[in-house]
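What follows is a short report on a single structure.
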Amino acid sequence: MIYDFKSIERKWQNYWSKNKTFKTAIDENMPKYYVLDMFPYPSGSGLHVGHPLGYIASDIISRFKRKKGFNVLHPMGFDSFGLPAEQYAIKTGKHPKLTTDKNIKRFKNQLNKLGLSYDWDREIKTSDSNYYKWTQWIFLKLYNSFFDESVNKAKNISELKIPEKLNDQEKIQYIDSKRLAYLDNVDVNWCEELGTVLSNEEVIGGLSERGGHPVIRKPMRQWVMRITAYASRLLDDLELLDWPESIKLSQKNWIGKSEGAKIRFTINKNSYVDVFTTRPDTIYGATYLVLAPENELSIKLATTENRNIVENYILKSSQKSDLERQENIKDKTGVFTGSYAINPISKEKIPIWIADYVLSGYGTGAVMAVPGHDERDFEFAEKFNLKILSVVSGGKEGECYTGDGKIINSEKYNGLDNQKFKKVVCELLEDLELGKKSINYKLRDWIFTRQRYWGEPIPIMYHGNIKVPLSDTDLPLILPDVESFKPTGDGSSPLSRNKSWKNILLNGKKFERETNTMPQWAGSCWYFLRFLDPTNGNSFANKNKIDYWMPVDVYIGGAEHAVLHLLYSRFWHKVLYDLGFVSGPEPFKKLVNQGMILGNSAFIYRIKNTNTYVSYDLIKKHDVQKINVDIDLLINNNELNLEKLKNSDIRFKNAEYKFNEKFTVSREIEKMSKSKFNVVSPDKICEKYGADTLRMYEMFLGPIEQSKPWNTAGISGVHNFLKKFWSLYHDQSGFCISYSKPDQNSLKILHKTIKKVNLDIEKFSFNTCVSAFMICVNELSSINEKSFEVLKDLCILMSPFAPHICEEIWSKFGESNSISNQNFPTHNELILVEDEFEYPISFNGKLRLKMIFKLDCEYQDIEKELSQNEKVNSYLSGKKIKKIIFVKSKIINIVF
RNA sequence: GCUCGGGUGGUGGAAUUGGUAGACACGUUGGACUUAAAAUCCAAUGAGCAGUAAUGUUCGUGCGGGUUCAAGUCCCGCCCCGAGUACCA
């Protein structure tokens, strides 16, 4: 009987969706398990084979845990606010809502074809007003909270102690300065091309993360989230998480904790410069100070004769983009202010400089330069001929030394270990009241507003300078329509075009709405909570449901979110935790990063400035240009089907082609992308081999965390395996199994597999599971085992991986229940014990021989067996055996 | 530059964490079935040497050393590839 995967898969997908097989509800009698995928942005190009990798893995875990007796929550939704839909709207005038809805439909359709066991009743979209109502609500909670340093947690703003003697205006200012969401004039990352502000996390190497457009610094009035208040908790709580070390590390680096000291250098009675340093032990080597150009003190400290050059320098560096600043790292620039400060310990008078190698956003925006022991300071001092003094021994003459050593050139402290001296300096400074121990973080506050249309409106109004938050009853603040989605160019959002929405009259007073929107990350910061109670109209989620389901037990997604989404959502979750809305400090207990599946691009070569294409083996003779070509046009991996190519595009139709015998292409592994014509769609694979084959093959490709190129050729192996599996249960005429007692050998094979699969799923090692199934089916086929007792368990065992085929087979067993409700088999160790082995013996790595032993063999037997072999006998030469080393019930060595 | 991963057949990858390296699969070769092809099935497949053969034997996990009865796995020193990060004082 033939394995007709198409009708089987259609049948069971319909069955599952009709019967809502995977609908989940709270059951206090069952342990819960929350399996979450990073929900996708519904892009216009649909899924490629790389997307489902994580979804298949999480589906296997979900189905496995259900069979293990857990109440499994496995939802899916869409992160539907975002830039591509907006950019598409700018180009075509089509409303992002329409394109987004269309894309979601397509995504859902594709996902369902893979047989994923989602509870679709919980589907959410971040662009749905029923959803973003609560995103806005959480924003207001942040607005109405402050961080109480004394207890290290957020509290309602009403609990804030306001200093007395403040007038009303000052009181408001004071409160505003403490809010977790606050409005500030900040230097932002402005991307002209995208027409919007970006967060620090969205800027990579001076270019925008999306699109790679240049980014410049520009002061703008923006909403900012006080994530820095949580720096220490975000860092410390990483310990609680079962996450890949690499992700934890990137978060650690991003938060960037450094311990050191804050030191005050006095200039005169009224002024001083504070610096932060991690090397207070080098205080005697601090031979000058450097301020960032943006530091307010910079201009104040310029003496009259230096005023011009200082002003000039500050102006110039403000015009530089981040990229330009980074370009000439080796060639440092700077100017002298003309002022001097006093080193608080050595009492030396040292010059104060301004240079853009000092960053305004980190520490105090000023450093004490120790050219003897800091490479940047060293370069600067060499260039401008400033004094260089070694104060820690160990370095070479005329070089900068950053290691540890004994203190030198530091008066009475010479000879101390520099690490010990750190402490001493801190104490000295504290006595002098000119400094103290201090901790600094690299993390900056999160710039939260975007000058875009397609995002959540911010629920704040302004009356002149007064901010008025919307009340809960006014939510959601619906995103209105606009005439044009284009950026306005002047730094305000497209929303500001809709005057009737922006300007409102309330009780005779004029108000203006905030027209910026929230960043893409806002919606994804808390979506895992909404899945618990997606239709709740009274709160973002019922507290009982949160208590039951949270935290997420397994979270699967790409590593590209290491610091963005994963840091922001931890931050919001902690705020909600402090305010009592959620029950735990961390949202995601275990995190698994699936690797990327790469595409295998193909290239053809055109002779430059001609319309002639050359086969890859002939390109050396010509000056050629490389062009991406669709991988669907290939035969046998690297041969091009010229007929197909000519028919695919008019520019190929009339071109000339040079080749011997075959026209060959070159191949390269790249990221899968529509523009590179290397996309393999899961739909095609499902059409040809079925979803079960695709699921197993994607798992079989290699470890889930690893990036690997897609290779369609290998899929036949897995497909053949499924056919073989099918034929275990069927003969030519139809379903055929036996109800007689199973063969002892087949039980062994089965239980070996059960043991391995149980272990491997828990370890997320799905590729080895698939191998185990293959071995099992091969062995059962070769002994022609058809026993119900064995085949039943095998069917359940494989159903998380290949659910359709297993449901179909299961339905033929005549059991009333769906296979989803069956208990996962556990192995019986006794069956696995063998009574007789053929042992290989290795002796000093030199000698190997095979012998037969009984499990409970005596030494004498071994000696007897050994003595029959001349070679072994010479090694033994009368020695008495003390011990036999068994490993995995095999004899590995004999000790005398 | 710094930090973290990783180098195993022609290819993707196994190896119970120190115990028969190369499981499983692709590919290749040979065979069976077919008028033929496809499909399917069977066999061989790390390299070398000896042998008609069963088999024996040497070398093999990026390179060089070390620990151990035993190293892909542990230690030391290099080389190469990938990812992240980048003047964070």
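Proteins come first, then strands; the chains are lettered A, B, ... in the order of their sequence lines, and each starts at number 1. All heavy atoms count here, side chains included; hydrogens, waters and symmetry mates do not.
Note: A:Y3 and A:H719 have tilted aromatic rings, judged against thresholds of 30 and 60 degrees for the angle between ring planes. Ring planes of A:H565 and A:H561: perpendicular class, angle over 60° (limits at 30 and 60°).
You'll find the ring centres of A:W726 and A:F721 outside the 6.0 Å limit. Within the 6.0 Å centre-distance limit, the rings of A:F801 and A:F773 are counted as a close aromatic pair. Taking the six-membered ring for Trp, A:W353 and A:F380 have ring centres closer than 6.0 Å.
Salt-bridge annotation for A:K262 and A:D274: absent, with no side-chain N of the basic residue lying under 4.0 Å from a carboxylate O of the acidic one. Note on A:E239 versus A:K248: no salt bridge recorded, every NZ/NE/NH1/NH2 to OD/OE distance being 4.0 Å or above. Ionic pairing of A:D331 and A:K383 is present here: one or more N-O contacts between side-chain nitrogen and carboxylate oxygen are shorter than 4.0 angstrom.
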Fill in the dot-bracket string of RNA chain B, one character per base: . for unpaired, | for a pair to another strand, ( ) or [ ] for pairs within the strand, taking Watson-Crick or G-U pairs under 3.5 Å.
(((((((..(((......[....)))((((((.......))))))(((((....)))))..(((((..]....))))))))))))....
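At the heavy-atom level, A:N440 lies nowhere under 4.0 Å from the strands shown. At the heavy-atom level, A:V358 lies under 4.0 Å from base atoms of the strands shown.
For A:L249, whose side chain is taken as the heavy atoms from C-beta onward, the closest listed nucleotide among B:C4, B:A86, B:A89 is B:C4. Set against B:C26, B:A89, B:A25, the side chain of A:N778 has B:A25 as its closest nucleotide. Here the side chain of A:Y357 is nearest to one of B:C26, B:C87, B:A25, namely B:C87. Set against B:C4, B:A25, B:C87, the side chain of A:S246 has B:C4 as its closest nucleotide. Residue A:K332 places its side chain closer to B:C87 than to any other of B:A25, B:A89, B:C87.
Here the separation of B:G9 from B:C2, taken at their C1' atoms, is 36 Å to the nearest Å. Straight-line distance between the P atoms of B:A70 and B:G19: roughly 14 Å, to the nearest whole Å. Rounded to the nearest Å, the gap between the C1' atom of B:A15 and that of B:A71 is 13 Å. With C1' as the reference atom, B:G46 and B:G84 are 36 Å apart, rounded to whole Å. Taking atom P on both B:G72 and B:G18, the two are 13 Å apart, rounded to the nearest angstrom. If you take atom P in B:U29 and the same atom in B:A38, they sit 12 Å apart, rounded to whole Å. Between the C1' atoms of B:C81 and B:C74, the separation comes to 24 Å (whole Å). For B:U73 and B:U17, the C1' atoms lie 7 Å apart once the distance is rounded to whole Å.
Atom-to-atom, CZ of A:F378 to C1' of B:G1 comes out at 16 Å; the value is rounded to the nearest Å. Summarising the geometry, the separation between CD on A:E705 and P on B:C4 is reported as 19 Å, rounded to the nearest angstrom. The distance between atom CG of A:L694 and atom P of B:A25, rounded to the nearest whole Å, is 19 Å. Atoms CG (A:L759) and P (B:A15) sit 11 Å apart, rounded to a whole Å. If you measure from atom CD of A:Q251 to atom P of B:U85, you get 13 Å, rounded to the nearest angstrom. The separation between A:H719 atom NE2 and B:C41 atom P is 11 Å, rounded to whole Å. The CG atom of A:D760 sits 12 Å away from the C1' atom of B:A15 (whole-angstrom rounding). Residue A:N720 contributes atom CG, which lies 5 Å from atom P of B:U40 at whole-angstrom precision.
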A:N295 and A:S360: side-chain hydrogen bond (donor to acceptor under 3.5 Å, both in side chains), yes or no, with the steps?
CA-CA 6 Å; A:N295 194 316; A:S360 62; over 6 Å; no
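In this structure B:G9 sits in the syn conformation; its chi angle is within 90° of 0. Base orientation of B:U8: anti, the glycosidic angle falling outside 90° of 0.
Taking each heavy atom of A:Y362 and A:S258 in turn, the nearest pair found is OH-OG, 2.7 Å. Scanning both residues, A:H751 and A:T826, for their nearest heavy atoms gives CE1-O, 4.2 Å.
Residue order along RNA chain B, read from the 5' end via each residue's closest nucleotide, puts A:E375 first among A:E375 and A:I775.
At the phosphate of B:U85, neither OP1 nor OP2 sits under 4.0 Å from any side-chain N or O atom of A:S250.
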Polar atoms only, N or O, under 3.5 Å: list the protein pairs with nucleotides 5-14 of chain B and their distances.
residue : atom : partner : partner atom : Å
B:G12   : O2'  : A:L701  : O            : 2.8
B:G13   : OP1  : A:Q706  : OE1          : 2.9
B:A14   : OP1  : A:N767  : ND2          : 3.2

